[in-house]
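Read through the structure below, which is laid out as structure tokens, and then see the notes.
Fair warning: this is a prediction, and the values are worked out from it, not measured in the lab. Lettering of chains follows the sequences in order, A, B, ..., and the numbering in each one begins at 1.
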There are 2 protein chains.
Amino acid sequence: MRILLIEDEVKTIRSLRQGLEEHQWSVDMAYDGDTGRRLALQNDYDVIVSDIIVPGVNGLELCRQLRRQGLKTPILLLSALGETDDKVSGLEAGADDYLTKPFEFREFMARVKALARRPAAVFQAEQVLRMADLELDQHTRLVRRAGKTINLTPREFALLEFLMRHPGKVLSKVEISEKVWDVDFDTGTNVVEVYVNYLRNKVDKGFDKRLIHTLFGQGYILKEEA
Amino acid sequence: MRILLIEDEVKTIRSLRQGLEEHQWSVDMAYDGDTGRRLALQNDYDVIVSDIIVPGVNGLELCRQLRRQGLKTPILLLSALGETDDKVSGLEAGADDYLTKPFEFREFMARVKALARRPAAVFQAEQVLRMADLELDQHTRLVRRAGKTINLTPREFALLEFLMRHPGKVLSKVEISEKVWDVDFDTGTNVVEVYVNYLRNKVDKGFDKRLIHTLFGQGYILKEEA
DNA sequence: TCCCCAACATGCGAATCCTCCTTATCGAAG
DNA sequence: CTTCGATAAGGAGGATTCGCATGTTGGGGA
């Protein structure tokens with residue numbers, strides 16, 4: 001089971017992390033909201049746990065953003081704020097559970113397990129890569145952007161899959177040739193450029209934000225902002 | 001939205017019922033565990049709320065029984081017992097959330113809503129046809145026999161899908177032409193035979209038991225025994 | 001600042017592969 | 001022996017992949 005823990009309070013981190021790992025959970029950490037969001041979209045967790053008060057994007061806003069982007073992963077919010085108003089606004093932001101500090105680890109663990117056994121998580125366990133409103137299911141080989149299904153050829157799919165496995169990373173044409181075409185020499189052609197062009201026509205054209213960007217002389221990169 | 005409320009304490013019933021109905025929820029009531037279980041299995045609720053201490057089967061046991069019978073509906077347990085042990089055992093019995101009395105109605109409502117927005121029922125609709133060790137997923141369009149993935153062309157898939165939708169039934173070539181090729185006249189060719197042959201090569205050849213059988217002069221049939 | 005060249009984008013089309021279906025031939029059932 | 005079914009072979013048409021030629025753009029040097 002994979003869990004993402006977004007928290008900046010050292011004491012809480014230590015106890016939760018240790019406890020989770022003793023229960024055989026694989027824990028990814030984020031110490032601020034922005035890192036948390038990136039990880040949440042990039043990887044496929046069974047549960048996400050976030051403190052409300054963290055540096056950067058706070059827990060409530062994080063929930064809203066993730067839900068707006070279609071992420072279905074169960075979210076458990078932690079907070080020192082125990083007022084009904086706080087709980088209500090957390091749950092209305094899209095969280096699935098809300099736990100007030102201080103709490104016993106056993107209750108935390110029981111709630112995390114309850115979230116993980118949801119059928120949503122089972123379905124999520126299929127390999128879905130996300131980047132903004134673009135999603136690629138490695139299992140069903142379905143690609144969608146803003147809800148609209150996109151039809152890719154096998155080679156186009158392989159290229160997009162490679163890009164989405166390394167979001168925000170500059171990928172040189174040599175790297176792409178190696179991983180997508182499986183050739184480690186220069187073919188002397190511009191296949192990569194041709195296929196990047198194909199992908200842009202299908203994935204970027206007609207949508208508001210471009211996701212595939214060129215870094216002159218360096219390669220290509222998949223990211224959100226222009 | 002439909003909710004089942006299992007509770008015997010008059011005061012709680014009154015406030016919850018009234019509040020839920022003001023939020024446009026349709027409320028079914030049970031005053032004891034046995035009635036609750038019967039209703040839960042009989043009808044299709046979005047959320048089930050149960051007090052732990054009710055006459056007859058108690059809330060914990062109710063959870064276990066419902067889960068054992070495969071019911072996926074989210075369950076919220078209510079209780080005056082606020083100890084960690086109580087919460088943990090409730091969640092481990094299969095509940096999805098646990099709320100300690102007394103609570104404010106707004107928090108209760110927020111938690112119920114959080115449970116109701118789960119995609120549970122949506123994804124339950126897994127469209128898989130099975131025949132012996134052969135399975136065909138109408139949604140992902142994946143076909144497997146004895147765990148081995150089989151690659152079919154669209155036409156082959158349509159033919160196998162038609163056969164699997166009518167297991168054990170004799171299907172004449174005319175019927176197959178109509179349903180799979182959408183032609184209601186005799187094309188004068190033997191397309192059906194050719195495609196049955198393709199299917200046999202991929203689906204039957206190399207496996208111990210044949211599934212596609214010929215009924216001379218009548219048509220084809222999908223069944224187990226030779 | 002301007003110019004040029006390398007880097008990149010893109011239109012076009014050839015080669016290849018996949019899918020579908022037909023035809024022809026052979027075997028089996030009744 | 002006649003009819004029905006199995007199977008091999010191959011062509012039409014479309015999708016896919018890739019190369020090439022020609023625009024277009026970025027950025028470093030004069």
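DNA chain C is contacted by B/Thr153, B/Pro154, B/Arg155 of residues 149-170 of chain B, taking any non-hydrogen atom closer than 4.0 Å.
Look at CG on A/Asp204: it is 16 Å from C1' on C/dT10, rounded to the nearest Å. C/dG27 atom P lies 16 Å from atom CZ of B/Phe216, rounded to whole Å. Rounded to a whole Å, the OH atom of A/Tyr198 is 18 Å from the P atom of C/dC8. At whole-Å resolution of the value, CD in A/Gln218 and P in C/dA7 are 13 Å apart.
Side-chain contact check for B/Leu163 versus B/Leu171: some heavy-atom pair is nearer than 4.5 Å. Looking at B/Leu160 and B/Leu134, their side chains come closer than 4.5 Å, going by heavy atoms from C-beta outward. Looking only at side-chain heavy atoms (C-beta outward), A/Asp86 and A/Val88 stay at 4.5 Å or farther from each other. Residues B/Leu99 and B/Glu107 are in side-chain contact: their nearest non-hydrogen atoms beyond the backbone lie under 4.5 Å apart.
You'll find that the side chain of B/Tyr195 is closest to C/dC21, out of C/dA29, D/dT17, C/dC21.
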Check the interface with nucleotides 6-8 of chain D: list each N/O to N/O pair with the protein under 3.5 Å, or write none.
{"residue": "D/dA6", "atom": "OP1", "partner": "B/Arg200", "partner atom": "NH1", "Å": "2.6"}
{"residue": "D/dA6", "atom": "OP1", "partner": "B/Thr214", "partner atom": "OG1", "Å": "2.7"}
{"residue": "D/dA6", "atom": "OP2", "partner": "B/Tyr220", "partner atom": "OH", "Å": "2.7"}
{"residue": "D/dT7", "atom": "OP2", "partner": "B/Asn197", "partner atom": "OD1", "Å": "2.5"}
{"residue": "D/dT7", "atom": "O4", "partner": "B/Asn190", "partner atom": "ND2", "Å": "2.8"}

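A close approach under 4.0 Å does not occur between any side-chain nitrogen or oxygen of A/Lys173 and OP1 or OP2 of C/dA7.
Under a 4.0 Å N-O distance rule, the pair A/Asp46/A/Arg2 does not qualify as a salt bridge.
Contact between B/Gly90 and B/Tyr98 at its shortest, heavy atoms only, is CA-CD1, 4.3 Å.
Between B/Tyr195 and B/Trp181, the distance from one ring center to the other falls under 6.0 angstrom.
With A/Asp32 contributing its side chain and A/Thr35 its backbone, the two residues share a donor-acceptor pair below 3.5 Å.
Each of A/Thr189 and B/Gly219 has a nearest nucleotide on DNA chain D; the 5'-most of these lies closest to B/Gly219.
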